[in-house]
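The next block holds one structure in the form of structure tokens; read it before the comments.
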There are 2 protein chains.
Amino acid sequence: MTRGDLFDPACPTRQLLDRIGSKWTSMVIKLLAEADPAELRFSELQRRMPGVSQKMLSVTLRALTEDGLVTRRVEGAVPPRVHYGLTGLGRSLEVPLAALREWAEAHMAEIDAAAGRVG
Amino acid sequence: MTRGDLFDPACPTRQLLDRIGSKWTSMVIKLLAEADPAELRFSELQRRMPGVSQKMLSVTLRALTEDGLVTRRVEGAVPPRVHYGLTGLGRSLEVPLAALREWAEAHMAEIDAAAGRVG
DNA sequence: CTGGATCCGCATCGATACTG
DNA sequence: CAGTATCGATGCGGATCCAG
């Protein structure tokens, strides 16, 4: 085992999961990745995420923007229209994330069954 | 809608991230996936995970076992020796998880830089 | 329409002590 | 050695109000 191994506290996988593991992050990335005009407005995102509060969507988007995964484009001042999209980094993350999604869609039922959470 | 189950239950990705996103889960899966004898004992896992408490390692392993991702093999009663390994399901999860790890190792620096954690 | 500020409940995690 | 039980701190996520 060499230094810089994945087991140290700075393990990048752990850090990544800390970010995309937050409650609404993966949903935002997925929606933005699948957006056909490549951008979605704040209210449009909120509409497609049942249950998300304005605060949490705002917090999630700000974190993703600061992490360089999401772009933020403001159009006009009043009423404000903010469009969000994925950066190149965000799109590259979408690739392994999509693989994880496919696995989840294919196997989560097995996990639920094993955990006895069916029904 | 007042509680946490208000988002779409048809989003298995969220459910999966809720599980592998917990603090020590991904580390356990990685260690077990890379274990050469395919199994590791409790104390061996703890030794390779600096900072984990007995309780959290125990909780993490129990959750993974109940989810059908990890096998648990008890050898002897006193002293107890418990060996953990990955199930087939766990190994299949390791594939997309490894992809995510590779992305993390390749790009987390960019995220940190964008987030202003680097000069 | 967007999103910041504040208060708060609750789950998660950690430290410690105890059992077999 | 492996695992449980309890208590407490921390931080996330949610409701609400306020501002541009």
Side-chain angles (χ1 to χ4, degrees), chain A residues 9 11 14-28 31-32 39-67 70-85 115 117, chain B residues 1-9 11 14-28 31-32 35 37 39-67 70-85:
Chain A
C11 164
R14 185 86 282 286
Q15 294 177 17
L16 178 63
L17 285 173
D18 273 342
R19 291 159 190 262
I20 69 175
S22 70
K23 189 165 184 177
W24 304 102
T25 306
S26 62
M27 205 175 298
V28 166
L31 285 172
L32 291 181
E39 279 187 335
L40 287 176
R41 288 179 52 191
F42 185 92
S43 55
E44 180 63 22
L45 279 167
Q46 191 174 20
R47 193 173 312 126
R48 300 193 190 190
M49 297 164 64
V52 73
S53 65
Q54 285 187 340
K55 170 196 168 184
M56 287 318 296
L57 181 53
S58 180
V59 167
T60 302
L61 285 169
R62 197 191 326 149
L64 285 170
T65 303
E66 288 174 356
D67 284 347
V70 161
T71 61
R72 185 177 187 272
R73 182 168 63 85
V74 180
E75 175 189 10
V78 57
R81 292 189 178 196
V82 188
H83 301 254
Y84 293 93
R117 293 190 179 87
Chain B
M1 305 171 88
T2 55
R3 288 306 255 278
D5 55 5
L6 29 65
F7 51 84
D8 193 3
C11 180
R14 184 86 281 285
Q15 296 176 19
L16 176 63
L17 286 172
D18 273 341
R19 291 157 191 265
I20 68 175
S22 71
K23 188 164 184 178
W24 304 101
T25 305
S26 62
M27 207 175 297
V28 167
L31 284 172
L32 292 181
E39 279 187 335
L40 288 176
R41 289 179 50 190
F42 186 93
S43 56
E44 180 62 22
L45 278 168
Q46 191 173 20
R47 194 173 311 126
R48 300 194 189 191
M49 296 164 63
V52 73
S53 64
Q54 282 188 341
K55 171 195 168 184
M56 286 319 297
L57 181 54
S58 180
V59 166
T60 301
L61 286 168
R62 197 191 322 148
L64 285 170
T65 303
E66 288 175 356
D67 283 347
V70 160
T71 62
R72 185 177 187 273
R73 183 169 63 86
V74 181
E75 176 189 11
V78 58
R81 293 188 177 198
V82 188
H83 301 256
Y84 292 94

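All chains are named by letter (A, B, ...) in the order of the sequence lines, taking the proteins before the strands, and each is independently numbered beginning at 1.
Distance check, rounded to the nearest 0.5 Å: CG of A:L45 to CE of A:M27 gives 11.0 Å. Atom CG of A:D18 and atom NZ of B:K23 lie 8.0 Å apart (nearest 0.5 Å).
The nearest whole Å value for the distance from the CZ atom in A:R81 to the C1' atom in D:dG20 is 17 Å. Between A:E75 atom CD and D:dG20 atom C1' the separation is 17 Å, expressed in whole Å. Between A:R19 atom CZ and D:dG13 atom P the separation is 14 Å, expressed in whole Å. Straight-line distance from the NZ atom of A:K23 to the C1' atom of C:dA11: 11 Å, rounded to whole Å. One atom, CD of B:Q46, and another, P of D:dT4, lie 14 Å apart when rounded to the nearest Å. Atoms CG (A:D18) and P (D:dG13) sit 11 Å apart, rounded to a whole Å. In this structure, the CE atom of A:M49 is 14 Å from the P atom of C:dT2, given to the nearest Å. With rounding to whole Å, A:Q54 atom CD is found 15 Å from D:dG13 atom C1'.
With sequence neighbours excluded, the residues that form a side-chain contact (heavy atoms from CB on, under 4.5 Å) with B:R72 are B:T65, B:V74, B:V82, B:Y84. Scored by the side chain to side chain donor-acceptor pair (under 3.5 Å) test, A:R73 finds A:E39 as partners (sequence neighbours excluded). With sequence neighbours left out, B:R81 forms a salt bridge (charged side-chain N to carboxylate O under 4.0 Å, His left out) with no residue at all.
Residues B:V28 and B:L64 come closest through the heavy atom pair CG1-CD1, 3.7 Å. Across B:L40 and B:A35, no two heavy atoms sit closer than the pair CG-CB, 3.7 Å.
Here B:R72 reaches the OP1 or OP2 of D:dG3: one of its side-chain N or O atoms lies under 4.0 Å away. Applying the 4.0 Å criterion to OP1 and OP2 of D:dA2, one finds that B:S43 has a side-chain N or O inside that range. Between B:Y84 and D:dG3 there is a side-chain N or O to OP1 or OP2 distance below 4.0 Å. In this model, the phosphate group of C:dT2 is approached by a side-chain N or O of A:R41 to a distance below 4.0 Å at OP1 or OP2.
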For residues 47-61 of chain A, please give each side-chain donor-acceptor pair under 3.5 Å, one per line with the distance, not counting sequence neighbours.
from, atom 1, to, atom 2, distance (Å)
A:R47, NH1, A:E44, OE1, 2.2
A:R48, NE, A:E44, OE2, 2.6
A:R48, NH2, A:E44, OE2, 2.9
A:S53, OG, A:M56, N, 3.1
A:T60, OG1, A:M56, O, 2.6

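Using a 4.5 Å heavy-atom threshold, the side chains of A:R41 and A:Q46 count as separate.
For DNA chain D, the neighbouring residues in residues 55-62 of chain A, judged by any heavy atom under 4.0 Å, are A:K55, A:M56.
For the helix from C:dC1-D:dG20 to C:dG20-D:dC1, the rotation axes defined at the first and last 5 base pairs enclose an angle of 40°, given to the nearest 10°.
Each of A:S22 and B:H83 has a nearest nucleotide on DNA chain D; the 5'-most of these lies closest to B:H83.
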